[in-house]
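Please read the structure below before turning to the comments.
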2 protein chains.
Amino acid sequence: MLEGRWKLIILFHLFGGNVMRFSDLERAIPAVSQKMLIQQLRQMENDGIVRRIVHHQVPPKVEYRLTEWGQALCPALDALLSWAALREEMTASGTSSDI
Amino acid sequence: MLEGRWKLIILFHLFGGNVMRFSDLERAIPAVSQKMLIQQLRQMENDGIVRRIVHHQVPPKVEYRLTEWGQALCPALDALLSWAALREEMTASGTSSDI
DNA sequence: CAGGATCCATGCTGATACTG
DNA sequence: CAGTATCAGCATGGATCCTG
């Protein structure tokens, strides 16, 4: 469901009702390849977390946003983030958040 | 941190302060191989999520439990579970929880 | 009982090139 | 712009056998 290196990173960019185009996400996450980006977006689309909106134009325009259910994930991920942050209080190890 | 197929499953068995022996975990999670079980336990030990307690006996006895920080993960995972459960209310798709 | 060691299959990942 | 196709590399996962 949420496995895959990029899912969470993508979600963080989509939270708060953010609507992003494919190229927006590419720019926001420079480390990801197009293949991985589209792959993980498609998976989340199938899982009902992300909604894909195609605007039939030239040039093409495709937007991604969270579904209602996807938005509901927000508090859970916040809890995970604060858990990860809690570690730094206890150990002061400088590695940033990989959940 | 929490990647790997078995981490969450292991954690669920350890929550609530549960103390389990290696063989207990093997029995509780029949699908996991010994190699995977020990590997993921070791990783979580290194990450400070799980504590490993060796009793020097014959036969050997090794117990696993959560660290303080590991216990702190509980509410976050609960949030994830209720999120997953929310799906069934909305879609009624019978697939059980894979997060 | 609680692992360690080894070998092997799979799959995820990424770089690159191409398309409607 | 928003993808698709292809190929290669490495990590992950698993089965089996062995040990203190």
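Of the candidates D:dC1, D:dG3, C:dA2, the closest approach to any side-chain atom of A:Phe22 belongs to D:dG3. Nearest to the side chain of B:Ser23, among C:dG4, C:dA2, D:dA2, sits C:dA2. Distance from the side chain of B:Pro60 is smallest for D:dG20 among the nucleotides D:dC1, D:dG3, D:dG20. Side chain of A:Ile38, nearest nucleotide from D:dG3, D:dG13, D:dC1: D:dG3.
Although no hydrogens or angles enter the test, the distance criterion places no donor-acceptor pair under 3.5 Å between the side chain of B:Arg65 and the main chain of B:Ile53.
Under the 30°/60° scheme for interplanar angles, the aromatic rings of A:Tyr64 and A:Phe22 are found to be tilted.
For the pair B:Thr67 and B:Val50, the tightest heavy-atom approach, listed with the atom from each and the gap, is CG2-C, 3.7 Å. Looking at every heavy atom in both residues, A:Trp69 comes nearest to B:Ala84 through CZ2-CA, 4.4 Å. The shortest non-hydrogen separation linking A:Ala28 to A:Met20 is CB-CE, 4.1 Å. Contact between B:Glu68 and B:Arg51 at its shortest, heavy atoms only, is N-NH2, 4.4 Å.
Not one side-chain nitrogen or oxygen of A:Ser33 sits closer than 4.0 Å to the OP1 or OP2 atom of C:dA15. At the phosphate of D:dC1, neither OP1 nor OP2 sits under 4.0 Å from any side-chain N or O atom of A:Arg21.
Contacts between residues 39-57 of chain A and DNA chain D, defined by a heavy-atom separation under 4.0 Å, are made by A:Arg42, A:Arg52. Contacts between residues 1-14 of chain B and DNA chain D, defined by a heavy-atom separation below 4.0 Å, involve B:Gly4, B:Arg5, B:Trp6, listed by number.
Residues passing the side-chain hydrogen bond (donor to acceptor under 3.5 Å, both in side chains) test with A:His56: none are found, sequence neighbours excluded.
Regarding A:Lys61, its NZ atom lies at a distance of 13 Å from the P atom of D:dG3, rounded to whole Å. Rounded to an integer number of Å, the gap from B:Glu63 CD to C:dC1 C1' is 13 Å. Between the CD atom of B:Glu26 and the P atom of C:dG3 there is a distance of 10 Å, given to the nearest Å. Nucleotide D:dC1 holds its P atom 10 Å from the CD atom of A:Gln34, rounded to whole Å. Distance, B:Met36 CE to C:dA9 P: 16 Å, rounded to whole Å. Rounded to an integer number of Å, the gap from B:Met20 CE to C:dG3 C1' is 17 Å. Look at OH on A:Tyr64: it is 8 Å from C1' on D:dA2, rounded to the nearest Å.
Screening A:Ile29, A:Leu25, A:Leu37 against A:Trp6 for a side chain to side chain contact (heavy atoms under 4.5 Å, CB included) leaves a single residue, A:Ile29.
Taking the side chain as every heavy atom from C-beta outward, A:Gln43 and A:Glu3 approach each other to under 4.5 Å.
Contact of A:Lys35 with D:dT4 (side chain to base): no donor-acceptor pair of N or O atoms is detected under 3.5 Å.
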